[in-house]
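Following: one structure in structure tokens, then a few remarks.
Predicted, not measured: the structure shown is a model, and the values here were computed from it.
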There are 2 protein chains.
Amino acid sequence: MAVPRAAKTQRRTRIQEEKEERILDAALDVFSSNGFRGSTIDQIAEAAGMSKPNLLYYFRTKEAIHRQLIDRVLFTWLEPLQAFDAEGRPESEIRSYIRRKLEMARDFPRESRLFANEVLQGAPHIEDELKGPLKELVDEKAEVIRTWARAGKIAKCDPYHLIFSIWSTTQHYADFDVQVRAVLGQASAGEGRFEDAARFLEQLFMDGLRARAGK
Amino acid sequence: MAVPRAAKTQRRTRIQEEKEERILDAALDVFSSNGFRGSTIDQIAEAAGMSKPNLLYYFRTKEAIHRQLIDRVLFTWLEPLQAFDAEGRPESEIRSYIRRKLEMARDFPRESRLFANEVLQGAPHIEDELKGPLKELVDEKAEVIRTWARAGKIAKCDPYHLIFSIWSTTQHYADFDVQVRAVLGQASAGEGRFEDAARFLEQLFMDGLRARAGK
DNA sequence: GTAAGCTTTTACCAATCGGTCAAATATCGG
DNA sequence: CCGATATTTGACCGATTGGTAAAAGCTTAC
């Protein structure tokens with residue numbers, strides 16, 4: 001029997017690459033809407049259009065699929081905050097961070113829900129990443145915000161809770177999509193709610209931060 | 001064999017009441033941290049300190065336990081928004097709504113997570129409640145907010161997204177507790193983060209809503 | 001074409017799942 | 001104390017779970 005990934009050729013076949021991608025995409029569907037424990041290999045295999053043993057030829061365990069997905073998502077998730085630039089204009093930096101996070105909620109809701117499921121259930125697989133890389137990044141950007149506040153460029157406020165509130169408000173539109181749609185009703189048929197949300201959030205945060213900036 | 005609830009006596013024993021409460025409490029633990037599909041009757045039974053058949057004597061199915069929990073939580077969850085008073089002062093109404101929601105995130109995190117799990121996974125058990133009672137309540141309160149804005153008492157803004165942002169920012173401290181703790185580090189040992197959050201959120205929302213109220 | 005390696009399938013396994021059953025035991029009114 | 005009823009238990013069931021073994025089928029370089 002041949003070993004799938006990391007074969008002796010060291011070079012991944014075209015088939016391998018295709019199938020692994022199909023599996024990960026299917027797994028993202030399943031994991032993001034059922035959580036880890038609530039998802040089954042059979043579900044993923046069916047969604048990927050292959051038999052269970054065939055799927056297990058590419059990923060040895062259910063955990064392996066999940067881990068790879070989580071790793072990708074974590075990277076993607078940190079990107080917008082990485083882009084936060086200390087040299088930029090505070091107002092436009094924060095505004096575009098909000099906009100990017102909201103775009104991610106719109107364009108990658110499955111990734112958002114995968115992450116939400118993981119954290120909601122105690123983050124058993126990513127506790128280290130949260131306490132390590134994530135915390136360090138947030139610490140760094142919080143310091144930037146604090147500096148802006150001290151320079152009087154924005155209102156004084158707790159930078160950590162500012163970041164939390166941007167995370168929560170934007171991700172809400174992915175994670176609680178069903179609820180948002182239910183409450184907005186027919187009016188939310190299209191993607192208009194994301195534009196409305198963008199307008200609202202920009203007003204909320206920009207006005208809130210500008211309010212006492214001059215004082 | 002005796003039928004547990006709704007016995008012919010029509011009157012619930014003290015034992016029944018106690019055991020059912022213990023089961024629901026244990027189930028809240030388990031469901032809130034594993035989701036519905038990720039939770040097992042055995043886990044709940046063990047957490048409740050009884051055998052599985054014994055538990056099933058009080059609740060015929062896993063669904064039955066979950067449904068009862070969800071019903072309770074839904075009721076509790078709507079209460080603060082119910083209290084929103086059209087006759088009150090806009091500023092204090094919104095402020096106290098935020099405070100109450102944040103207190104609930106602090107005091108009933110399991111309930112918040114149970115609800116979050118449910119909605120995150122597509123709200124299969126409560127879609128009707130969301131589209132019915134919840135939507136109606138939100139519609140009603142949104143109209144109140146809109147009236148306040150038209151009267152110039154608060155800044156003009158989309159009332160639905162205002163409500164969403166209050167929900168998301170406050171519930172974030174329950175649902176993403178692990179992440180919040182990880183990022184804040186040791187500093188969040190106590191419950192201080194809730195007071196910090198309260199200060200931050202009040203400033204954010206009140207300044208944001210006041211900003212253009214005068215214009 | 002053919003051999004070597006890659007991919008897929010069929011059949012299967014032990015463990016766990018939600019739930020049942022009947023017998024054993026505890027409780028309580030009289 | 002007794003009988004009736006309420007509660008608890010252990011043994012069990014079929015279905016589903018994550019995962020394996022081995023052989024069959026397919027690609028590809030030569």
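- Of the candidates D/dT17, C/dT8, D/dT7, D/dT17 carries the atom nearest the A/T40 side chain, counting heavy atoms from C-beta on.
- Distance check, rounded to the nearest 0.5 Å: CD1 of A/I41 to CD1 of A/I65 gives 6.0 Å.
- What separates CE of A/M50 from P of C/dT7 is a distance of 11 Å, to the nearest Å.
- When the C1' atom of C/dG19 is taken as reference, atom CD1 of B/I44 falls 13 Å away, rounded to whole Å.
- Aromatic ring orientation, A/Y173 versus B/H161: tilted (interplanar angle from 30° to 60°).
- In terms of polar N and O atoms assigned as donor or acceptor, the side chain of B/K62 never comes within less than 3.5 Å of the base of C/dG19 in a complementary pairing.
- Here the nucleotide nearest the side chain of A/L56, chosen from D/dT9, D/dG19, D/dT8, is D/dG19.
- For A/D42, taking side-chain heavy atoms from C-beta onward, the closest of the listed nucleotides D/dT17, C/dG18, D/dA11 is D/dT17.
- Rounded to a whole Å, the NZ atom of B/K52 is 15 Å from the P atom of C/dC21.
- Atom CG in B/N34 sits roughly 11 Å away from atom P in C/dG18 (whole-Å rounding).
- For the pair A/Q179 and B/L134, the minimum side-chain heavy-atom distance is below 4.5 Å.
- Between the OH atom of A/Y57 and the P atom of C/dT7 there is a distance of 4 Å, rounded to whole Å.
- When the nucleotides C/dA11, C/dG18, D/dT7 are ranked by their closest atom to the side chain of A/P53, C/dA11 comes out on top.
- Rounded to a whole Å, the CD1 atom of B/I41 is 15 Å from the P atom of D/dT16.
- A sub-4.0 Å separation between OP1 or OP2 of C/dT7 and a side-chain N or O of A/N54 is absent.
- Between B/F176 and B/H172, the two ring planes are parallel [angle under 30°; tilted spans 30° to 60°].
- Residue B/Y58 has a polar side-chain atom (N or O) positioned under 4.0 Å from OP1 or OP2 of D/dT8.
- Regarding B/R22, its CZ atom lies at a distance of 13 Å from the P atom of D/dT7, rounded to whole Å.
- Each of A/S51 and A/R37 was assigned the nucleotide of DNA chain C with the nearest heavy atom; the assignment lying further toward the 5' end belongs to A/S51.
- Ring geometry for A/F115 against A/W77 counts as tilted: the plane angle lies between 30° and 60°, on a 0 to 90° scale.
- Rounded to an integer number of Å, the gap from A/E46 CD to D/dT17 C1' is 16 Å.
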